[in-house]
Each structure stands twice: as C-alpha cells, then as structure tokens.
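Because only heavy atoms are used, hydrogens play no part in the values below, and waters and symmetry mates are left out as well, while side chains stay in. Counting starts at 1 for both ligands and their atoms, following the listed order.
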Amino acid sequence: MNVFVTGGAGYIGSVCVEELLNAGNTVTVFDNLSEGHRSAVDPRAKFILGDLADRELVARAVVDAQVEAVIHFAAHALVGESMQNPGKYFRNNVAHGLNLLDAAVAARVRKFVFSSTCATYGVPETMPMDESLPQRPVNPYGESKLMFETMLRWYHQIHGLEFVAFRYFNAAGASRKFGEHHRIETHLIPNVLKVALGQRPQCEIFGTDYPTPDGTCIRDYIHIVDLAQAHILALAPGKAGFFNLGNGSGYSVREVIQTCAQLSGQPITAVEQPRRPGDPPRLVAAAGKALSELGWQPKFPSLEDIVATAWDWHKRHPAGYRD
Ligand code: UFG
C-alpha cells in the first residue's frame, strides 16, 4: 500500500516505517522534525519536511502520494508538559491533526490509523484495563488524544472513514537500526540506561509510597517492534475500532532499574524522589481484543527482551541520533 506516516521521524514512527517498508509497502514520511530526527527516517522512505498546521501542504502531500492509508503518530506526548502548557497539546494534537483528517477524507483514503494512549482512561477503577473502561483523562495530553478519538468516530459515521485507534501502554526497546532519542528525555528506561552508560551519575525513582508491592509505579512495557507490527495488521481491510496495545504484565520502577542493571552489568544508583504529579499507580493492559481481532502476537513480551534491545541500541548510539 501507499502509506503516509506523520511523525515517521519520531521514536515509534521510525520503527513502524522500517517495518512497513520491510513488509513491502511504499512509505511517505511527513514530519516537522520538532521532536523527530532526520536520520531516524528509513532511507527507503520518501521524506517531506512539513507541519500539520499547514493545511494546504498536508492536503497536497496526501493527494500527490496517492495515499491509501494514513498512520498518524505526530503529536506532543509529555504528560507533565501538557499540565504546564495545555494549549500546545490542543493546538497540535487536535487542531492540526484535523487538517490531516480532512485531507484523508478529501483524498478518499481507505484507512486511518491513529496513535492514542492509555492516558485517555485516566486513573482506572479496574485492572487490567480493557477497551470498555470509561475514558476520563486526568491531563490535557490524554484529553487531546481522546478528542481526536471522538473526531474519528464522527468522521467514520459521517464520511465513512475507516479507522483503527491504538491505545498504547509504555512503548520501549529498539529495533536494530532505530531507537529512543528524545531531545528532553523524561522516560524511565532511557534515563536508567544513561546511568549504565556513565552519562548520568544516578537515576530517580518518582514516588516510593504507592499502593503497589514495592511502593513504586507499575507500567506495562511493550516492545516497539511489536507495536509496529500491530499497525501493519491494522491496514488489512475490515480491521477497525479501538485497541489497547500492551503485554498484560506490569513491572515496577524498581524492577525496571534492576533489569537494566542486570543486563548492562553496570551498578545503577537510584535516588528516591517524591511522586511525579499525574502518575497513576498502576497501568496494565488487557489486550485480548488486539490478539483475537487483529491476530496480533507480540514477539518480545518479556521486560528482559525489551530492555536488552534498548541497551544494545544505546550502546551503539551513546549520543542518540546526530541530528
Ligand atoms: N519514572 C521514574 N524515574 C524517571 C522516569 C520515570 O521513576 O526518571 C517513573 C514514572 O514516574 C512512571 C514510570 O517511571 O511511574 C514510567 O514513566 P515514563 O515517563 O517512562 O512513562 P509514563 O508512564 O509516564 O508515560 C508514557 C508515555 C505517555 C503515555 C503513557 C501511557 O510517555 O505518552 O506512557 O502510560 F501516555
């Protein structure tokens, strides 16, 4: 298929583009490089430097590339930042995303795949979390993604746009070529691995008094290549709807740090800090719907495999991407 990937220079997008190309698709990447990296774009893809704010450019690009499917990764994705600057999240993730949605309808795109998040659920009342839970986001980031989900429902009903929206849990790990390099790194695994690389003296544990067995937050880590594979399955005709993507196993912050220490063979000093605002204690997916309806089968469900691929990539790219 001809696939148009926004945010294809970012962490999740770069690996998905690689997998799409490996599966024989033709890919156009559209990215403003505000968070992404030019060298994270697979050289087999066509690259357009552009911003979703530019309505005409987006519309033209979708027509020119004879797009059959859109995969929309481009977004701001930091919970903490969204609590400081909500306008940035609603403008980019909602208003600018709408330009892409309109372009897809105008060009009669067959499938729209959207990166949503488990942050749309807020603080869940039951665990593990399936797709039927009420969505009550507790920050503007989660709210902006939920608003886009709502727009997708209406665009489907009114314009017949077929869509898949994936609610990601915690994306982690790397492919052989592409890995995680955020300009400002806030994520747990890359920050812990920086200690193993000797780039930081210590990492931080945000909160040790949560109602969990070791007092630290529990998350469901999902390998980036498994995440990418789900997007390829979503392109098949007839696949539609909302799907959680996670492994169904939760690991605490302390367990992640311990795994990073074991796999890197390096001692890791961790300093206990107060809770980080907005962090739910435990987020674990029930992803049975993706398994049964999409035929999705994660290949790297263990935390060891996830951290091992991240460590391998960071060792080979200690400074991340060069641009
Ligand atoms: N944490 C630490 N120390 C750090 C970094 C993080 O203790 O240096 C803790 C956090 O407090 C949290 C856990 O590790 O409890 C995971 O934090 P991340 O920042 O790696 O990931 P989040 O769960 O906060 O957020 C990620 C994505 C969001 C997405 C969310 C869904 O960044 O975009 O997963 O769960 F919405």
Side-chain angles (χ1 to χ4, degrees), residues 7 10-13 35 73-83 88-89 92-93 114-124 127-129 133 135 137-146 148-149 165-173 180-196 199-212 214-222 224 227 244-260 268-285 287 303 306-307 310:
Y11 170 44
I12 303 177
E35 300 286 345
F73 293 103
H76 296 310
L78 297 178
V79 169
E81 183 188 53
S82 80
M83 295 292 282
K88 179 173 176 180
Y89 282 72
N92 190 46
N93 296 1
F114 174 59
S115 301
S116 189
T117 168
C118 66
T120 58
Y121 295 113
V123 181
M127 200 65 57
M129 301 153 67
L133 281 184
Q135 288 175 290
V138 292
N139 50 64
Y141 166 62
E143 188 76 66
S144 71
K145 290 287 185 175
L146 180 57
F148 202 92
E149 286 193 8
F166 285 124
R167 296 177 186 147
Y168 305 154
F169 283 65
N170 286 58
E180 187 165 13
H181 174 193
H182 297 106
R183 293 200 168 80
I184 298 171
E185 192 53 81
T186 62
H187 294 95
L188 179 61
I189 293 176
N191 274 340
V192 176
L193 293 178
K194 279 181 202 285
V195 182
Q199 295 176 351
R200 300 179 67 199
Q202 61 198 36
C203 65
E204 293 161 318
I205 300 176
F206 296 134
T208 53
D209 59 349
Y210 285 100
T212 59
D214 70 15
T216 67
C217 284
I218 290 177
R219 293 288 181 273
D220 184 337
Y221 295 89
I222 159 92
I224 191 93
L227 212 56
N244 287 344
L245 292 181
N247 282 307
S249 322
Y251 294 96
S252 72
V253 172
R254 288 194 205 279
E255 286 173 314
V256 169
I257 294 172
Q258 203 182 358
T259 305
C260 290
I268 290 176
T269 306
V271 179
E272 297 185 1
Q273 297 284 3
R275 293 182 180 196
R276 192 172 70 173
D279 278 342
R282 186 192 292 258
L283 295 171
V284 178
L303 183 64
I306 292 171
V307 171

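Of the possible polar contacts, one joining the Arg183 side chain to the Glu35 backbone as a donor-acceptor pair under 3.5 Å is found. Lys145 places a side-chain N or O within 3.5 Å of a backbone atom of Ser115 that can act as its donor or acceptor partner.
Close N/O approach between Asp279 and ligand 1 is found [any backbone or side-chain N/O within under 3.5 Å]. Between Phe206 and ligand 1, a contact under 3.5 Å exists for at least one N or O pair. Polar contact with ligand 1: present for Leu188 (N/O pair, distance under 3.5 Å).
Interface of Cys118 with ligand 1, defined as ligand atoms under 4.0 Å from a residue heavy atom, comprises 31 (C), 35 (O). Interface of Leu283 with ligand 1, defined as ligand atoms under 4.0 Å from a residue heavy atom, comprises 35 (O). Using a 4.0 Å cut-off to heavy atoms of Ala119, the atoms of ligand 1 that qualify are 36 (F). Distances below 4.0 Å separate heavy atoms of Ile205 from the following atoms of ligand 1: 7 (O). The distance from ligand 1 to the heavy atoms of Cys217 drops below 4.0 Å at these ligand atoms: 15 (O). Remark: ligand 1 atoms within the under-4.0 Å shell around heavy atoms of Tyr141 are 33 (O), 36 (F).
The heavy atom nearest to atom 24 (O) of ligand 1, out of those in Arg276, His187, Arg219, Arg282, is found in Arg276. Comparing Arg275, Glu204, Gln202 against atom 3 (N) of ligand 1, the shortest heavy-atom distance belongs to Glu204. Nearest to atom 22 (P) of ligand 1 by heavy-atom distance, out of Ile218, Asn191, Thr186, Asn170, is Asn170.
The shortest heavy-atom distance from Cys203 to ligand 1 is not under 4.0 Å.
Looking at Tyr221 and Val256, their side chains come closer than 4.5 Å, going by heavy atoms from C-beta outward. Ile205 is not listed as a side-chain neighbour of Val271, based on a closest heavy-atom distance of 4.5 Å or more. Side-chain contact between Leu193 and Gln199: absent, with no pair of heavy atoms (C-beta onward) separated by less than 4.5 Å. Tyr141 is not listed as a side-chain neighbour of Met83, based on a closest heavy-atom distance of 4.5 Å or more. At least one side-chain heavy atom of Leu78 sits under 4.5 Å from a side-chain heavy atom of His187.
By the criterion of a heavy-atom distance under 4.0 Å, the side chain of Tyr221, and not its backbone, is placed next to ligand 1.
Here the straight-line distance linking atom CE of Met129 with atom SG of Cys118 works out to 5.0 Å at 0.5 Å rounding.
In this structure, a donor-acceptor pair under 3.5 Å is present between the side chains of Tyr89 and Glu81.
Looking from atom 36 (F) of ligand 1 to the surrounding protein, the closest heavy atom is Thr117 OG1, 2.9 Å. Ranking protein heavy atoms by distance to atom 33 (O) of ligand 1, first place goes to Ala77 O, 3.1 Å. Nearest protein heavy-atom contact of atom 9 (C) of ligand 1 is Val253 CG2, 3.8 Å.
Looking at Glu149 and Arg167, a side-chain N of the basic residue comes within less than 4.0 Å of a carboxylate O on the acidic one, giving a salt bridge. Under a 4.0 Å N-O distance rule, the pair Glu185/Arg200 does not qualify as a salt bridge.
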